[in-house]
Amino acid sequence: MPRPLLIGNASGFYGDRFDALREMLTGGPLDVLTGDYLAELTMLILGRDRLKDPGLGYAKTFLAQLEEGLGLAADRGVKIVTNAGGLNPAGLARRIGELAERVGVPVRVAHVTGDDLLGERDWGTGVLTANAYLGGAGIAACLRAGADVVVTGRVTDAALVTGPATAHFGWTAADLDPLAGAVVAGHVLECGAQATGGNYSFFQEHDGRRPGFPLAEIHADGSAVITKHPGTGGAVTVGTVTEQLLYETSGPRYLGPDVTARLDTVRLTPDGPDRVRICGVRGEAPPPTLKAGLTRVGGFRNEVVFVLTGLGIEAKARLVRDQFEAVFAKARPAEARWTLARTDRADAPVQEEASALLRLVVRDRDPEAVGRAVAAAVELALSSYPGFHLTAPPGKGAPYGVFEAAYVDAGDVPHTAVLPDGTCVPVLPPAPAVIPATVLGEATLPPPLPACPTRRAPLGLVAGARSGDKGGSANVGVWVRTDDAWRWLVHELTVPRFVELLPEVGRFAVTRHLLPNLRALNFTVDGLLGDGVASQARFDPQAKAVGEWLRSRHLEIPEVLL
């Protein structure tokens with residue numbers, strides 16, 4: 001049997017800890033080091049970079065990290081696989097080649113293309129980027145050809161792991177269960193320190209000041225152990241891995257171009273200090289289509305925040321809104337949205353604690369329109385509510401982005417591996433005939449917990465949660481640690497109760513999914529985030545803290561669980 005493959009991660013997003021790449025290369029043994037730099041918002045940022053300079057469109061910080069990291073990786077025999085190529089993987093590959101020559105480190109650089117579909121069809125007005133989510137087969141082809149560094153554009157986050165694992169173990173498209181196991185391991189690694197205690201619900205249980213980055217020991221059957229380098233901060237526990245598995249997913253079927261991974265088959269067990277084993281993952285055939293992410297500039301946005309202090313908060317807010325009606329009567333922007341955050345409390349010993357925030361957000365296709373609307377706030381300074389002041393002076397409007405998902409036939413996407421010698425190798429989607437059918441049963445509800453005394457308390461005393469964004473939808477994963485808590489949670493936290501606890505989601509479609517092996521529920525709220533993170537549709541535009549809001553809500557909890 002081939003030995004396990006050690007794959008680490010050094011970046012969860014464009015802007016992650018700069019020195020993580022060095023830490024991972026020097027902290028312990030590795031075979032492959034990955035870096036995930038792309039997100040829906042990042043593609044919009046890179047698209048605007050490319051408009052200014054067609055030679056850009058990649059994650060510039062990655063190239064800076066390689067100034068030292070390239071030599072460290074070469075000395076240790078570590079392959080580097082990253083999606084930092086963004087919209088210009090060929091350009092970044094060239095720059096890496098130039099860097100290698102300058103620093104005297106001979107490396108073989110390959111890249112993967114074909115995801116950029118902007119010129120392939122008419123996507124409509126204003127589309128800035130259009131990229132298909134590719135799988136790991138192109139990465140595998142590059143590594144089999146001897147590449148030391150593989151640069152991709154838009155691939156799935158898990159492809160950074162399925163590609164190296166496929167090359168190492170010789171898997172084919174028919175190896176659905178091993179591929180599904182690698183997808184799950186890749187999903188755990190993709191967000192960096194979120195798997196090692198970062199952003200963790202029970203963060204006070206370990207030293208979370210500087211968590212290390214995760215790595216996976218992947219085996220030939222697709223099982224894996226999640227761990228981290230010795231001596232690094234944070235923690236790897238069943239809880240930290242569970243939370244990351246719930247992040248930005250929805251139902252039990254996790255669709256991808258390599259395989260459909262069944263998240264409801266995942267089993268997590270402790271495997272020693274800072275080690276969690278993932279096993280039992282089953283795979284099904286991938287869908288015949290690939291998801292494509294489209295970004296465009298939606299218009300211009302501006303905002304102003306009024307500080308309302310002391311008594312009569314609601315009346316002060318009404319006064320401001322009434323005064324603005326006169327402004328809007330002359331020139332109303334396409335959209336104007338008011339929100340009042342009651343951050344104040346009675347008899348507060350600190351002025352800030354006595355204050356509420358009234359936010360006005362305006363949108364329009366015309367930057368001048370959003371500028372004029374917000375600038376009018378200054379004119380009210382001496383003629384509005386007592387204690388009038390703003391959190392900041394009004395500024396000019398800024399462009400906001402819109403994200404859309406489209407689906408294209410996998411066979412219509414020119415997935416191509418460009419090998420170190422420049423040879424271009426087409427990567428064909430797997431033929432359906434070679435992929436066996438898999439039929440797995442759906443989850444069933446366990447029996448409810450017997451009736452017992454309850455106490456009103458925050459949900460977070462017994463449940464962890466992690467939330468995030470997928471386009472305009474938010475997902476909230478909720479999990480518990482014991483079988484008894486699961487028996488209570490699955491019957492208590494229904495969709496109606498979820499909506500009752502989070503009234504903001506009541507006007508949106510909410511779907512609940514069961515993941516019994518993880519003792520977890522996953523809720524999808526369609527439309528909560530408007531047109532995606534770049535549109536900044538709400539105070540928390542990526543739904544990062546919706547899970548913590550849910551955990552803070554009070555409900556009747558059985559005393560035996562407390």
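- More than 12 heavy atoms of other residues, nucleotides or ligands lie within 6.0 Å of CZ in Arg512, so this atom counts as buried by the packing criterion.
- The shortest distance between side-chain heavy atoms of Lys291 and Tyr407 falls below 4.5 Å.
- Under the 4.5 Å side-chain criterion, counting only non-hydrogen atoms from C-beta, Asn199 is in contact with Arg466.
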- Message: Assess the residue pair Thr240 and Thr196 against the criterion (side chain to side chain contact (heavy atoms under 4.5 Å, CB included)); give the C-alpha distance rounded to whole Å, side-chain angles, the decisive distance to 0.1 Å, and a yes or no.
- Response: CA-CA 6 Å; Thr240 66; Thr196 57; over 6 Å; no
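- For the residue pair Cys191 and Tyr247, the shortest heavy atom distance occurs at SG-CE2, 3.5 Å.
- Closest heavy-atom contact between Leu390 and Val307: C-CG2, 4.2 Å.
- Under a 3.5 Å cut-off, the side chain of Asp366 and the backbone N or O of Glu368 do form a donor-acceptor pair.
- In terms of modelled atom types and a separation under 3.5 Å, the side chain of Asp364 and the main chain of Ala334 share a donor-acceptor contact.
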- Can you list the steps and then say if Val533 with Phe403 is a side chain to side chain contact (heavy atoms under 4.5 Å, CB included)? CA-CA 8 Å; Val533 54; Phe403 177 86; over 6 Å; no
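- Scanning all heavy atoms of the two residues, the minimum distance from Val259 to Glu284 falls at CG2-O, 3.2 Å.
- Taking the side chain as every heavy atom from C-beta outward, Glu548 and Ser201 approach each other to under 4.5 Å.
- With respect to Arg553 and Glu500, no salt bridge is recorded, no charged nitrogen being found less than 4.0 Å from a carboxylate O.
- To the nearest 0.5 Å, atoms CG (Leu245) and CG (Leu515) are separated by 9.0 Å.
- Judged by the 6.0 Å distance and 45° axis criteria, Arg551 is positioned over the aromatic ring of Phe202.
- Here Leu489 contributes atom CG and Leu521 contributes atom CG; the two are 4.5 Å apart, rounded to the nearest 0.5 Å.
- Using a 30° and 60° split on the angle between ring planes, Tyr200 and Trp479 fall in the parallel class, below 30°.
- Asp412 CG to Arg121 CZ: the interatomic distance, rounded to the nearest 0.5 Å, is 6.5 Å.
- Annotation: the span from Thr42 atom OG1 to Asp49 atom CG amounts to 10.5 Å, rounded to 0.5 Å.
- In this structure, the side chain of Thr242 does not engage the main chain of Leu518 through any donor-acceptor pair within 3.5 Å.
- A 4.5 Å side-chain heavy-atom check between His513 and Thr524 finds at least one atom pair inside the cut-off.
- Annotation for Pro286 and Pro430: closest pair CG-CG, 4.3 Å, computed over non-hydrogen atoms.
- Under the 4.5 Å side-chain criterion, counting only non-hydrogen atoms from C-beta, Thr339 is not in contact with Val361.
- The main-chain N or O of Ser11 is found under 3.5 Å from a side-chain atom of Asn9 such that the two form a donor-acceptor pair.
- The closest side-chain heavy-atom distance from Ile96 to Phe62 is below 4.5 Å.
- Side-chain contact check for Thr295 and Thr129: at least one donor-acceptor pair (N or O, by modelled atom type) lies under 3.5 Å.
- Taking all atoms of both residues into account, the shortest heavy-atom contact from Pro399 to Val297 is CB-CG1, 4.0 Å.
- With respect to Arg262, the side chain to side chain donor-acceptor pair (under 3.5 Å) criterion is satisfied by exactly one of Thr260, Asp264, Thr265: Asp264.
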- Task: Start with the C-alpha gap between Asp540 and Glu504, add the side-chain angles, then the distance that decides, and say whether side chain to side chain contact (heavy atoms under 4.5 Å, CB included) holds.
- Result: CA-CA 12 Å; Asp540 176 13; Glu504 281 185 38; over 6 Å; no
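- Side chain of Ser467 to backbone of Val476: no donor-acceptor contact under 3.5 angstrom is found.
- Sparse packing is recorded around CZ of Phe539, with 12 or fewer heavy atoms of other residues, nucleotides or ligands lying under 6.0 Å away.
- Here the side chains of Arg154 and Leu46 are not in contact, with every heavy-atom distance at 4.5 Å or above.
- Within a 6.0 Å radius of CZ in Phe203, no more than 12 heavy atoms belonging to other residues, nucleotides or ligands are found.
- Taken from CD1 in Ile45 to CG in Leu56, the straight-line distance is 13.5 Å, to the nearest 0.5 Å.
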- Query: Hey, mind stepping through Glu314 and Arg342 against salt bridge (Lys or Arg N to Asp or Glu O under 4.0 Å) and telling me if it holds?
  - Reply: CA-CA 9 Å; Glu314 300 284 348; Arg342 293 301 302 267; 3.1 Å; yes
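- Once rounded to the nearest 0.5 Å, the distance linking CG of Asp258 with OG1 of Thr156 reads 6.0 Å.
- Side chain of Thr82 to backbone of Gly35: a donor-acceptor contact under 3.5 angstrom is found.
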- Could you walk me through whether Ile80 and Leu66 pass side chain to side chain contact (heavy atoms under 4.5 Å, CB included), step by step? CA-CA 10 Å; Ile80 295 178; Leu66 285 189; 3.9 Å; yes
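- Checked by atom type, the side-chain pair Asp36/Asn83 shows a donor-acceptor distance below 3.5 Å.
- Side chain of Gln244 to main chain of His187: a donor-acceptor pair is present (N/O by atom type, distance under 3.5 Å, no hydrogens or angles).
- Between Ala132 and Leu117, the closest heavy-atom pair is CB-CD1, 3.8 Å.
- The 12-atom threshold is not exceeded at CD of Glu352, counting heavy atoms of other residues, nucleotides or ligands nearer than 6.0 Å.
- By the 4.5 Å heavy-atom criterion applied to side chains, Asn475 and Ser250 are not counted as neighbours.
- Salt bridge Glu335/Arg301: absent, no basic N to carboxylate O contact under 4.0 Å.
- Here the side chain of Tyr14 pairs a donor or acceptor atom with the backbone of Lys60 at under 3.5 angstrom.
- Partner Glu303 forms a salt bridge (Lys or Arg N to Asp or Glu O under 4.0 Å) with one of Arg359, Arg538, Lys396 and no other, that one being Arg359.
- Ion pairing between Asp531 and Arg363 fails under the 4.0 Å rule for side-chain N and carboxylate O.
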